[in-house]
Amino acid sequence: MKFSKLYCPTLKETPKDALVASHQLMMRSGMIRKLAAGIYSYLPLGLKIMRKIECIVREEMNRSGAQEILMPSVIPSELWKETGRWDLYGKELLRLKDRASREFCYGPTHEEVITDIVRNNINSYKQLPMNLYQIQTKFRDEIRPRFGLMRGREFIMKDAYSFHTSESCLEDTFQEMENTYGRIFSRAGLNFKIVEADSGNIGGSGSREFMVTAESGEDAILECDHCQYSANVEVAEKSGGTSEGDRCGRCKKGSLSITRGIEVGHIFKLGDKYSKVMTATVLDDKGNASPIMMGCYGIGIGRTMAAAIEQHHDERGIKWPLSLAPFLVDIILIKAGNPEQMKIGEKIYEDLTKENIDVLLDDRELSPGIKFKDADLIGIPFQLIIGNKTIENQTIELKSRKSGEVQILNLSDIISTIKGVTQ
RNA sequence: CGGGGCGUAGCGCAGCCCGGUAGCGCACCAGUUUUGGGAACUGGUGGUCGCAGGUUCAAAUCCUGUCGCCCCGACCA
């Protein structure tokens, strides 16, 4: 990609309504734009990173044996009335009417729809277990959307639902999902903690949240310095007033500390909560009908992107991990109008592209400062700088965004060096 | 929903108290000179001052209403 062709409206100044780093930097780097409170458009750069996260999620979900599907986002009210959630869910549920005044909602979550699919198309215990997931736009009419993609009303989520004939089978998949989530967030370059959590109004048990540690996180995590206990403060409070410095209620020995975190994933067991009321049953090997056991596993894709920025940025901009970076290398031409520089830049650009390395060529005829600032802001892991010294000495400068380290390389060594550092 | 704040050019803001030709910086367009960390000069484009009503000879400015956005709280896979 050539920068001159990339639609990437960067901002020199921080929009006044953006308070946290991820929101500010997504706006400034031209990744997203706001349409309404909690509702954003994704511009090319933002979408590209979103797709990278989705790709990691897909690979790991598929590897775990789950299968991808896509359900409708608009759901008839009947299904929600069947489980009682049409009345229980409250104002957070965006309700709509079609031309014939039939009631629908824009799905904030899909237990009803998936359970309906499964009850109509699964009869025997032999067809289970099964794990189905989708990556889809959700809408929750949050009381207070805030911090950009961190808590939006419209957002992209991966939601998975598993189906089993026994508790122990559900437990196996639950464990598998915990491992899968660990792989996903590790690949995305995130530091995270797994904590005990509340399953909220979705219902269920065995609830665990994946928390990316960040000062700006909306959740507080309690951790014991002695045993393995760690939990969202919300649950800890329900199980008997706990706060920082208190004795751990689990092991009775350690003391508790508080960290802040961003909830990027949540897994929990639904049991037969939905299958029972919606009569989703299968016949067991003795011919008896029993409700299907279910598990439910969510990942906020956009929130993961925001969390990655919260963990990887400095005063100049984003420092993407290699796995999420929109481009791995930015070739900066100090003077794009100079044909010699352009020629060298284009050659390296072509060579890197042949090696399947995603590279950006900043061919804009702007002063160098702007290009350096944009490269730092957008967070491309490596900058290759072509200037007069390149012409004079046949050397090129390679700068790491993360460490700031600068290497002077011979032109002939560029490709192999880049291949090495971007592995 | 309670409390607080803000809507003036694409972005950041001043002007409002005390009514009288709508401004500044950046961005954008043209030209010239520039090019290793957001260049310089010259010339230019762009705003029914969120919207509606009221007061007034006259409203960005005063009054009423309304919509939107942000923050704190309650809330929340």
Side-chain angles (χ1 to χ4, degrees), chain A residues 9-20 23-24 27-28 30 33-39 85 88-93 107-111 138 140-148 150-153 155 157-161 177 181 195 197-211 218-219 232-235 262-270 273 295-300 303 315-317 332-338 341-342 362 364-377 383-392 396-397 399 404 406 408:
Chain A
T10 57
L11 304 174
K12 193 149 83 175
E13 287 169 290
T14 301
K16 62 172 177 178
D17 56 359
L19 290 213
V20 298
H23 189 192
Q24 293 175 341
M27 290 294 298
R28 287 194 52 211
R33 285 296 182 264
K34 182 171 69 182
L35 184 62
I39 300 178
R85 286 208 292 181
L88 287 176
Y89 213 89
K91 285 185 145 178
E92 222 173 294
L93 188 64
T109 176
H110 279 68
E111 285 79 9
K138 298 278 194 275
R140 293 182 190 170
D141 203 353
E142 294 278 350
I143 294 171
R144 188 145 91 84
R146 61 182 139 182
F147 303 152
M150 203 100 97
R151 176 175 294 280
R153 292 194 293 171
F155 57 98
M157 165 174 242
K158 188 283 300 180
D159 48 329
Y161 307 88
M177 280 297 104
Y181 274 35
V195 308
D198 188 17
S199 47
N201 65 6
I202 302 274
S205 63
S207 172
R208 289 203 190 134
E209 286 170 343
F210 286 72
M211 292 284 191
E218 290 187 276
D219 292 285
N232 191 316
V233 167
E234 287 172 17
V235 229
I262 302 163
E263 180 198 346
V264 289
H266 194 168
I267 58 176
F268 50 95
K269 301 176 196 167
L270 295 169
K273 180 179 157 109
C296 173
Y297 321 93
I299 291 179
R303 194 183 275 185
E315 62 291 338
R316 290 178 170 180
I332 297 177
L333 302 175
I334 294 296
K335 189 169 177 175
N338 176 321
Q341 290 188 19
M342 183 63 88
D362 199 339
R364 297 174 298 173
E365 293 196 25
L366 297 172
S367 65
I370 295 176
K371 302 189 194 189
F372 287 126
K373 295 284 185 191
D374 277 349
D376 288 343
L377 178 62
Q383 299 172 10
L384 267 179
I385 301 155
I386 298 174
N388 281 334
K389 293 173 212 159
T390 308
I391 313 295
E392 287 162 18
I396 192 164
E397 197 174 305
K399 184 174 180 183
V406 174
I408 307 294

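Proteins get letters first, then strands, A, B, ... in listed order; numbering begins at 1 in each. Just so we're clear, the structure is a prediction, and the values are computed from it rather than from any experiment.
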Who pairs with [N] - Watson-Crick or G-U, where each distance is under 3.5 Å:
| N | result |
| --- | --- |
| B:rC69 | B:rG5 |
| B:rG37 | none |
| B:rC62 | B:rG54 |
| B:rA30 | B:rU42 |
| B:rU21 | none |

Between [N] atom [atom2] and [X] atom [atom1], what is the distance in whole Å?
| X | N | atom1 | atom2 | result |
| --- | --- | --- | --- | --- |
| A:Leu11 | B:rC11 | CG | P | 9 Å |
| A:Lys373 | B:rG37 | NZ | C1' | 5 Å |
| A:Leu333 | B:rU34 | CG | P | 20 Å |
| A:Ile143 | B:rG2 | CD1 | C1' | 12 Å |
| A:Phe147 | B:rC72 | CZ | C1' | 10 Å |
| A:Ile370 | B:rG36 | CD1 | P | 13 Å |
| A:Glu365 | B:rA30 | CD | P | 13 Å |
| A:Glu142 | B:rC76 | CD | C1' | 6 Å |

Handout entry: Heavy-atom closest contact (A:Arg153 atom, A:Ile39 atom, distance)
Key =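 Between these two residues, the closest heavy atoms are NH2-CD1, 3.9 Å.
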Practice task
Kindly give the heavy-atom pair with the smallest separation between A:Tyr181 and A:Tyr297, and that separation in Å.
Solution key: OH-C, 3.0 Å
Indicate, with a heavy-atom threshold strictly under 4.0 Å, whether [X] touches base, sugar-phosphate, or nothing.
| X | result |
| --- | --- |
| A:Ala336 | nothing |
| A:Ile332 | nothing |
| A:Asp374 | base |
| A:Tyr297 | nothing |
| A:Arg33 | nothing |
| A:Glu397 | base |
| A:Ile267 | nothing |

Handout entry: Residue met sooner reading RNA chain B from 5', once A:Phe155 and A:Asn388 are mapped to nucleotides
Key = A:Asn388
Exercise for the section: Specify the residue among A:Gln383 and A:Lys34 whose closest nucleotide of RNA chain B lies further upstream toward the 5′ end. Expected result: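 Final value for this comparison: A:Gln383.
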Exercise for the section: Determine whether any donor atom in the side chain of A:Asp376 lies under 3.5 Å from an acceptor atom in the base of B:rG37, or the reverse, and answer yes or no. Expected result: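 By the distance-only test, yes, there is a pair.
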Handout entry: Base B:rG38 paired with A:Arg364 side chain (donor-acceptor, <3.5 Å)
Key =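 For A:Arg364, whose side chain was compared with the base of B:rG38, there is no donor-acceptor pair (under 3.5 Å).
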Separation between the [atom1] atoms of [N] and [M], rounded to whole Å:
| N | M | atom1 | value |
| --- | --- | --- | --- |
| B:rC13 | B:rG19 | P | 27 Å |
| B:rG2 | B:rG37 | C1' | 48 Å |
| B:rC16 | B:rG7 | P | 13 Å |
| B:rU55 | B:rC75 | P | 47 Å |
| B:rA22 | B:rC41 | P | 28 Å |
| B:rC28 | B:rG38 | C1' | 16 Å |
| B:rA52 | B:rU48 | C1' | 13 Å |
| B:rG47 | B:rG23 | C1' | 11 Å |

Practice task
Start with the C-alpha gap between A:Lys91 and A:Asp141, add the side-chain angles, then the distance that decides, and say whether side-chain contact (heavy atoms from CB on, under 4.5 Å) holds.
Solution key: CA-CA 7 Å; A:Lys91 285 185 145 178; A:Asp141 203 353; over 6 Å; no
Closest approach to the side chain of [X], judged atom by atom: which nucleotide of [options] is it?
| X | options | result |
| --- | --- | --- |
| A:Asp17 | B:rC70, B:rC75, B:rU35 | B:rC70 |
| A:Pro15 | B:rA74, B:rG12, B:rG37 | B:rG12 |
| A:Ala37 | B:rU35, B:rC70, B:rC76 | B:rC70 |
| A:Arg146 | B:rG37, B:rC13, B:rC75 | B:rC75 |
| A:Pro368 | B:rC26, B:rC75, B:rG36 | B:rG36 |
| A:Arg151 | B:rC26, B:rC76, B:rC71 | B:rC76 |

Exercise for the section: Compare all side-chain heavy atoms of A:Arg140 with those of A:Thr109 and state whether any distance is below 4.5 angstrom. Expected result: yes
Exercise for the section: For the residue pair A:Asn388 and A:Lys335, establish whether any side-chain heavy-atom pair is separated by less than 4.5 Å. Expected result: no
Short question: side chain of [X], backbone of [Y] - any donor-acceptor pair under 3.5 Å?
| X | Y | result |
| --- | --- | --- |
| A:Lys371 | A:Arg364 | yes |
| A:Arg28 | A:Leu11 | yes |
| A:Gln24 | A:Ala18 | yes |

Can you check whether [X] has a side-chain N or O nearer than 4.0 Å to OP1 or OP2 of [N]?
| X | N | result |
| --- | --- | --- |
| A:Ser367 | B:rU35 | no |
| A:Lys399 | B:rG37 | no |
| A:Arg144 | B:rC1 | no |
| A:Arg140 | B:rC76 | no |

Practice task
Salt-bridge test for A:Glu111 and A:Lys273: reply yes if a basic N is under 4.0 Å from a carboxylate O, no otherwise.
Solution key: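 Salt bridge absent between A:Glu111 and A:Lys273.
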